Amino acid sequence: MAESGAEETVSAEASGFSDFSDSELLGFLDLESNQESSSPLGTAGPSSQLPGKDGKDVRFPTGKRELYISSPLERFHLKYLYVTDLCTQNWCEQQMVYGKELPQLLSSEKEDLLNTGASIHLARELEVHDLVNVSITSKEDAWAVKFLNILSMVPSLQSERRIREFPVFGEVNGVLLVGVIDELHYTDKGELELLELKTRRFPMPPREAQKKKDFFQVSLYKYIFDAMVQGKMTAARLIHHTKLHPERPLGPSVLKHAQQGGISVKSLGGLMELVFLSLTMSDLPVIDRLKVEYVHQETSAVLDTEIVPYEEKEVQEKVLHYLAYWTGQRGPKGVDIEEAWKCRTCNYSDICEWRKSGRVHVSPLEPPTKKAK
DNA sequence: ATTGCTGAAGGG
């Protein structure tokens with residue numbers, strides 16, 4: 001489906017905004033907007049509820065020796081978390097923490113692995129839409145681009161096309177989570193299916209720990225996506241978390257591309273309202289099927305395909321547990337002894353406090369145990 | 001502004 005869209009590159013003015021890189025806007029390729037597409041019968045999945053009304057400002061007594069230990073969320077100056085933060089946390093929470101504290105370079109071997117995976121993903125993305133560079137100079141611009149992408153993708157999905165890299169965001173237990181869904185499409189049975197592609201260096205199926213993490217990832221995407229289409233995420237809550245300024249003028253490049261996409265907005269606030277209308281009024285169902293596909297990087301051979309059972313309670317429990325670390329209700333936890341093998345490939349095993357605490361006592365340098373047959 | 005700030009995922 002190689003549709004040629006307006007391809008355009010706007011180079012970023014190097015005007016002191018080195019902190020902001022260009023953002024990418026998807027080409028608006030489907031302005032015919034076939035809104036008459038039959039709405040697939042959403043086989044009503046388990047209704048997701050977002051707990052945590054939050055909004056309660058905790059007051060710290062100004063009294064004498066009230067010590068306030070800031071939460072990791074505050075210490076790292078994070079207004080929100082990525083879905084993949086929680087997934088890394090699922091792999092090893094302690095490793096995730098070190099990754100935030102010491103974002104050192106990965107080993108080049110690991111870097112190659114990740115880059116190869118990223119380029120395979122990019123190639124797939126380009127199969128369904130073009131990319132357009134948009135100059136941005138503020139976080140409002142960055143979010144506006146994200147919203148414009150959603151506005152272009154929703155109709156595309158509803159006219160039976162697959163969409164890739166769909167942005168999601170949602171409030172869970174008072175914390176904003178942000179992520180990107182790899183792919184969404186309708187199956188021939190009319191079910192809305194989420195597909196997560198995982199590429200692998202070696203032509204072997206994933207082990208249990210890997211699957212557990214990936215299953216959690218897609219389940220969390222569904223949790224957030226469902227809440228979005230059910231109108232549970234509001235502009236007000238998003239603004240609350242991100243501290244976005246809805247009335248701050250958008251940059252010229254963003255405005256230009258909005259116009260080219262047939263969207264007339266002047267402010268971020270107006271754009272946000274459009275997005276929430278689009279999400280809730282487009283007859284989008286909740287996600288019916290979660291699929292993870294493992295593919296060999298070199299040969300593209302499919303190594304494993306998994307249909308993930310969605311257990312809403314388990315997802316909620318896990319998220320609650322992970323967020324308890326972030327909100328300072330508990331300290332970080334490393335892997336259990338059975339998963340000490342993960343330490344072998346961890347960059348932080350030398351300095352790992354969890355290991356020093358003796359909870360894991362398998363040396364990462366220890367040779368693999370030979371299995372006598 | 002005194003107090004600032006983030007492409008997400010990439011794979012194991």
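Keep in mind the model is a prediction, meaning the values are calculated, not measured.
For Val180(A), counting side-chain heavy atoms from C-beta on, the closest listed nucleotide (dA8(B), dG10(B), dG12(B)) is dA8(B). The Lys79(A) side chain lies nearest to dT6(B) when the options are dG11(B), dT6(B), dG10(B).
Remark: aromatic rings of Tyr80(A) and Phe169(A) are distant, center separation not under 6.0 Å.
Counting distance only, with no hydrogens placed and no angle test, the side-chain atoms of Glu165(A) and the base atoms of dG7(B) include no donor-acceptor pair under 3.5 Å.
Stacking is not found between Tyr82(A) and the pyrimidine-like six-membered ring of the dA9(B) base under the 5.5 Å centre-distance and 30° plane-angle cut-offs.
Counting to the nearest Å, the C1' atom of dT6(B) and the NZ atom of Lys100(A) are 9 Å from each other. Rounded to whole angstrom, the span from the NE2 atom of His241(A) across to the C1' atom of dC5(B) amounts to 18 Å. Across the protein-nucleic acid pair, His77(A) atom NE2 and dG4(B) atom C1' stand 9 Å apart, rounded to whole Å. Straight-line distance from the NZ atom of Lys213(A) to the P atom of dA9(B): 10 Å, rounded to whole Å. Between Ile136(A) atom CD1 and dA8(B) atom C1' there is a gap of 14 Å when expressed in whole angstrom units. To the nearest angstrom, P of dG12(B) lies 9 Å from CZ of Phe202(A). At whole-Å resolution of the value, CD in Glu183(A) and C1' in dA9(B) are 16 Å apart. Straight-line distance from the CD atom of Gln95(A) to the C1' atom of dG12(B): 8 Å, rounded to whole Å.
The shortest distance between the side-chain N/O atoms of Arg201(A) and the OP1/OP2 oxygens of dG12(B) is not below 4.0 Å. Contact annotation: His121(A) reaches the phosphate of dG10(B) (side-chain N/O to OP1 or OP2, under 4.0 Å). In terms of phosphate contacts, Lys146(A) brings no side-chain nitrogen or oxygen within less than 4.0 Å of OP1 or OP2 of dG7(B). A sub-4.0 Å separation between OP1 or OP2 of dG10(B) and a side-chain N or O of Thr199(A) is absent. Taking side-chain N and O atoms only, Tyr294(A) has no distance below 4.0 Å to OP1 or OP2 of dG12(B).
Rounded to the nearest Å, the gap between the C1' atom of dT6(B) and that of dT2(B) is 22 Å. Taking the C1' atoms as reference points, dA1(B) lies 14 Å from dC5(B), given to the whole Å.
If you check every strand for non-hydrogen atoms under 4.0 Å, Ile120(A) touches nothing. Contacts of Phe76(A) with the nucleic acid, taken as non-hydrogen atoms under 4.0 Å apart, are absent. Gln217(A) comes within 4.0 angstrom of sugar-phosphate atoms only, judged by non-hydrogen atoms across all strands, and of no base. As judged by a 4.0 angstrom heavy-atom cut-off over every strand, Lys110(A) is placed among the base-contacting residues. Arg207(A) comes within 4.0 angstrom of no nucleic acid atom, judged by non-hydrogen atoms across all strands. Glu196(A) comes within 4.0 angstrom of sugar-phosphate atoms only, judged by non-hydrogen atoms across all strands, and of no base.
A donor and an acceptor atom, one from each side chain of Glu125(A) and His121(A), are nowhere located under 3.5 Å apart. Remark: the Arg359(A) side chain and the Ser357(A) side chain contain no N/O donor-acceptor pair separated by less than 3.5 Å. Side-chain contact of Thr327(A) with Gln329(A): a donor-acceptor pair under 3.5 Å is present, judged by distance alone.
Taking the side chain as every heavy atom from C-beta outward, Pro167(A) and Trp143(A) never approach each other to under 4.5 Å.
Each of Gly117(A) and Lys243(A) has a nearest nucleotide on DNA chain B; the 5'-most of these lies closest to Lys243(A). Remark on DNA chain B: of its neighbouring residues Thr88(A) and Tyr80(A), the 5'-side contact belongs to Tyr80(A), judged by nearest-heavy-atom nucleotide.
Other residues, nucleotides and ligands contribute more than 12 heavy atoms inside 6.0 Å of the NZ atom of Lys356(A). Within 6.0 Å of atom CD in Glu111(A), more than 12 heavy atoms from other residues, nucleotides or ligands are found, so the atom counts as buried in its surroundings.
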